[in-house]
Amino acid sequence: MPGPADRLSYMRIATWNVNSITARLPRLLAWLESTGTDVLCIQETKTTAEGFPAAELRELGYESAVNATGRWNGVAVISRAGLEDVVTGLPGGPGYEGVQEPRAVSATCGPVRVWSVYVPNGREVGHDHYAYKLRWLEALNKAVAEGAAGQRPFAVLGDYNIAPTDEDVWDPALFAESTHVTPAERAALAALRGTGLQDVVPRPLKYDRPYTYWDYRQLGFPKNKGLRIDLVYGNAPFAAAVKDSYVDREERKGKGASDHAPVVVDLDV
DNA sequence: ATGGCCTGATCTTCAGGA
């Protein structure tokens, strides 16, 4: 017999590398209001937990789960759909130069469990940071495997710093010797898919590819010289609930934009 | 129209981003 508990629940979930939540705060608050986003996974907060604008977000109805320690990295989940069972950091994750960096936080937001991740950049193939990136991805794989295989909608959203295929790179030849496209990095994504997660590919609002990042330099955005490196990896129950997904390239426009655009996912859960 | 880097700190110069 149908009842209130059987009603579909519509949720808008998104991920966005804001490149400093302090610098982006006016645009972030306006974007939350205009899009009606319920849950946002944030990367590169570039502030301490104390500097995180939890009070401003609370005024808009969002609770915050924050993992941030200073000028580099920093992640958060903000939600107006519940925020429980927060886990700060990547269990079993490696440090870099002896430091556990703030690159992961997870939480349960109503019917969905989400991770916000900021995968290490890697800098150059062969650099210590590149080895760190691969180790970090191995630890992520282990940490999310149980949720990925579970019955509850579950997704790992964030800046993966990996373009899954050459189609996700505006000029593959230019990136031939670079991080973000190497077989080892793409194998780490494949291993993640092997846990039961799938790439929820958003639709572009313009042009043919759903890029999510464009370099600030050399007119990268106007020329659409982009990469798709901000990803939503969801398990089967999550993917089944997806009604739409798109890259909000409008948010990349104009003065005071991040170099990443938000990826938005609409769910019936 | 979307426009030749941006951010925060070590703060006038730099690391890091990708």
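Only this structure's heavy atoms are used, side chains among them; waters, hydrogens and symmetry mates stay out. Letters go in sequence order (proteins before strands), and every chain restarts at 1.
In this structure, OH of Tyr132(A) is placed 15 Å from C1' of dG17(B), rounded to the nearest angstrom. dG17(B) atom P lies 8 Å from atom CD of Glu101(A), rounded to whole Å. Arg103(A) places its CZ atom 12 Å from the P atom of dG16(B), with the value rounded to the nearest Å. Spacing between atom NE2 of His260(A) and atom C1' of dA18(B) amounts to 8 Å, rounded to whole angstrom units. Here dT7(B) presents its P atom at 14 Å from CZ of Arg217(A), a figure rounded to the nearest Å. Rounded to whole angstrom, the span from the NE2 atom of His180(A) across to the C1' atom of dG17(B) amounts to 8 Å. Atom NZ in Lys255(A) sits roughly 18 Å away from atom P in dA1(B) (whole-Å rounding). The CG-P distance, from Asn19(A) to dA9(B), rounds to 13 Å in whole Å.
Taking 4.0 Å as the cut-off between side-chain N and carboxylate O, Lys133(A) and Glu185(A) count as a salt-bridged pair. With salt bridges taken as basic N to acidic carboxylate O contacts below 4.0 Å, none links Asp266(A) and Lys243(A).
As judged by a 4.0 angstrom heavy-atom cut-off over every strand, Gly254(A) is placed among residues touching the sugar-phosphate backbone only. Residue contacts for Tyr213(A): at a heavy-atom cut-off of 4.0 Å it reaches the sugar-phosphate backbone alone, with no base atom in range. Heavy atoms of Asn73(A) sit nowhere under 4.0 angstrom from any nucleic acid atom. Within the nucleic acid shown, Asn161(A) comes within 4.0 Å of sugar-phosphate atoms alone, with no base atom in reach, counting heavy atoms only. Within 4.0 Å of Ser258(A), counting heavy atoms only, lies no atom of the nucleic acid at all. As judged by a 4.0 angstrom heavy-atom cut-off over every strand, Tyr160(A) is placed among residues making no nucleic acid contact. Note on Arg252(A): nothing from the nucleic acid sits closer than 4.0 angstrom, heavy atoms only.
Nucleotides dA18(B) and dC5(B), compared at atom C1', are 13 Å apart to the nearest Å.
For Lys223(A) and dT2(B), a side-chain-to-base donor-acceptor distance below 3.5 Å is absent, hydrogens and geometry of angles not being considered.
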